Amino acid sequence: LILNGGKSSRMDSDKFHIQYHNKPQYLHLYHLLQNFCDEVFISCNGSQLQLIDPSISTIVDEDNFEGPLHAIKNAYEKHQVNWLTVPCDMPYVNKKIINKILENNSDQLVKCTSDTEERINPLLALYSAGNKDYLLNFSKKSATAYVKQVGYSTIKLSALESRNINTLAEYKKFFNN
């Protein structure tokens, strides 16, 4: 599930259009995840839907801008499966990282990534199918609060691998490195 439907308020433009690898990031991630998943879905808001090729599976966040945890809840309402979630603002996500997430077995409901300072990222994660009932009954909007409540394991990533791009300045810096 590519998490793509947010407001992008810190970026001052929709991250949906952002390109890091000579194509919109959601398409880059879509093609990457096809190597690992039976089906790849793009979580998007209503205005983004019309811009996505109809052959790509989507899950539209009808309650626009409720946050990424709401997008994950929407996914569970459609399909009770394991959900590999990848935010669209992480340009360094690659096959190696996806392999690390999928290869390390855990009996926790959520397997998150973390950076070198031990900060968890509950959006670059694997949510087991067993999350559905817990998640749909969770009332807060915070993905971090959710995974801390239900329990999680972590996959450590380097500072570069775990970097996300939230502002125009960070985006420009990406291309200057």
Side-chain angles (χ1 to χ4, degrees), residues 1-6 8 11 14-45 48-61 68-116 119-132 135 143 147 152-166 170-171 174-175 177:
L1 179 66
I2 300 166
L3 301 170
N4 204 63
S8 306
M11 183 64 79
D14 194 342
K15 291 180 189 176
F16 179 82
H17 303 288
I18 296 287
Q19 295 189 20
Y20 297 103
H21 307 282
N22 299 317
K23 61 178 126 180
Q25 180 67 356
Y26 80 91
L27 278 178
H28 171 74
L29 292 171
Y30 177 79
H31 294 296
L32 172 67
L33 296 180
Q34 283 184 311
N35 296 304
F36 299 94
C37 304
D38 294 334
E39 188 169 8
V40 178
F41 290 83
I42 307 235
S43 172
C44 62
N45 61 46
Q48 295 167 337
L49 180 62
Q50 63 189 349
L51 303 172
I52 298 174
D53 182 321
S55 68
I56 295 175
S57 297
T58 58
I59 296 177
V60 179
D61 194 347
L69 188 63
H70 192 267
I72 298 168
K73 285 182 179 184
N74 283 342
Y76 274 107
E77 287 174 345
K78 306 266 190 271
H79 306 281
Q80 187 171 346
V81 297
N82 294 334
W83 284 102
L84 172 63
T85 60
V86 182
C88 69
D89 60 4
M90 295 186 72
Y92 298 99
V93 171
N94 57 35
K95 286 183 180 183
K96 177 183 143 204
I97 292 170
I98 301 301
N99 272 323
K100 281 171 104 172
I101 295 168
L102 296 176
E103 287 177 352
N104 293 298
N105 293 325
S106 170
D107 60 353
Q108 299 292 332
L109 286 173
V110 183
K111 191 180 343 173
C112 299
T113 54
S114 67
D115 63 15
T116 54
R119 292 178 296 210
I120 64 169
N121 183 342
L123 304 181
L124 179 56
L126 181 63
Y127 287 74
S128 75
N131 274 287
K132 181 178 181 177
L135 187 58
V147 299
Y152 64 93
S153 61
T154 58
I155 306 297
K156 287 198 190 263
L157 300 179
S158 72
L160 183 67
E161 291 172 324
S162 59
R163 184 168 297 147
N164 63 342
I165 308 292
N166 289 308
E170 291 171 345
Y171 179 70
F174 172 84
F175 288 103
N177 288 337

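Computed from a predicted structure; not experimentally measured.
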Note to self: Could you walk me through whether Gln108 and Ser153 satisfy the side-chain hydrogen bond (donor to acceptor under 3.5 Å, both in side chains) test, starting with their C-alpha distance in whole Å, then the side-chain angles of each, then the deciding distance to 0.1 Å, before giving a yes or no?
What the structure shows: CA-CA 6 Å; Gln108 299 292 332; Ser153 61; over 6 Å; no

Discussion item. Working note: Asp61 + Asn74, criterion side-chain hydrogen bond (donor to acceptor under 3.5 Å, both in side chains); need CA distance, chi angles, decisive distance, verdict.
Written reply: CA-CA 7 Å; Asp61 194 347; Asn74 283 342; 3.1 Å; yes

Practice prompt. Could you walk me through whether Tyr30 and Gln34 pass the side-chain hydrogen bond (donor to acceptor under 3.5 Å, both in side chains) test, one step at a time?
Written response: CA-CA 6 Å; Tyr30 177 79; Gln34 283 184 311; 3.3 Å; yes

Practice item. Given salt bridge (charged side-chain N to carboxylate O under 4.0 Å, His left out), test Lys132 with Glu77 step by step and report yes or no. Key: CA-CA 8 Å; Lys132 181 178 181 177; Glu77 287 174 345; over 6 Å; no

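Within the 3.5 Å criterion, the main-chain N or O of Ile97 finds no donor-acceptor partner in the side chain of Glu161. Side chain of Lys111 to backbone of Tyr127: no donor-acceptor contact under 3.5 angstrom is found. With hydrogens and angles ignored, the 3.5 Å screen pairs no side-chain donor or acceptor of Thr116 with any backbone N or O of Ser158. No donor-acceptor distance shorter than 3.5 angstrom exists from the side chain of Glu39 to the backbone of Ser57, with no hydrogens or angles considered. His28 places no side-chain N or O within donor-acceptor distance of the main-chain N or O of Asn22, the cut-off being under 3.5 Å.
Enclosure of atom NZ in Lys95 is not indicated, since only 12 or fewer non-hydrogen atoms of other residues, nucleotides or ligands lie within 6.0 angstrom.
Contact record, Ala125 with Val110: CB-CG1, 4.2 Å, taken as the closest heavy-atom pair. Counting all heavy atoms, side chain and backbone alike, Asp115 lies closest to Ser162 at CB-OG, 3.2 Å. Leu135 and Lys73 get closest at one heavy-atom pair: O-CE, 3.0 Å.
Ser128 pairs by the side chain to side chain contact (heavy atoms under 4.5 Å, CB included) definition with Asn82, Leu109, Asn131, not counting sequence neighbours. In terms of the ring pair (Phe, Tyr, Trp, His ring centres under 6.0 Å) criterion, His31 has no residue partners (sequence neighbours excluded).
Salt-bridge check for Glu170 with Arg163: failed, with every basic side-chain N at 4.0 Å or more from each acidic carboxylate O.
Aromatic pair Tyr20/Tyr92: centroids not less than 6.0 angstrom apart.
Aromatic ring pairs are classed by plane angle as parallel below 30°, tilted from 30° to 60° and perpendicular above 60°; the pair Trp83 and Phe41 is perpendicular.
Proximity of Leu84 to Leu124: side-chain heavy atoms (C-beta onward) are nowhere separated by under 4.5 Å.
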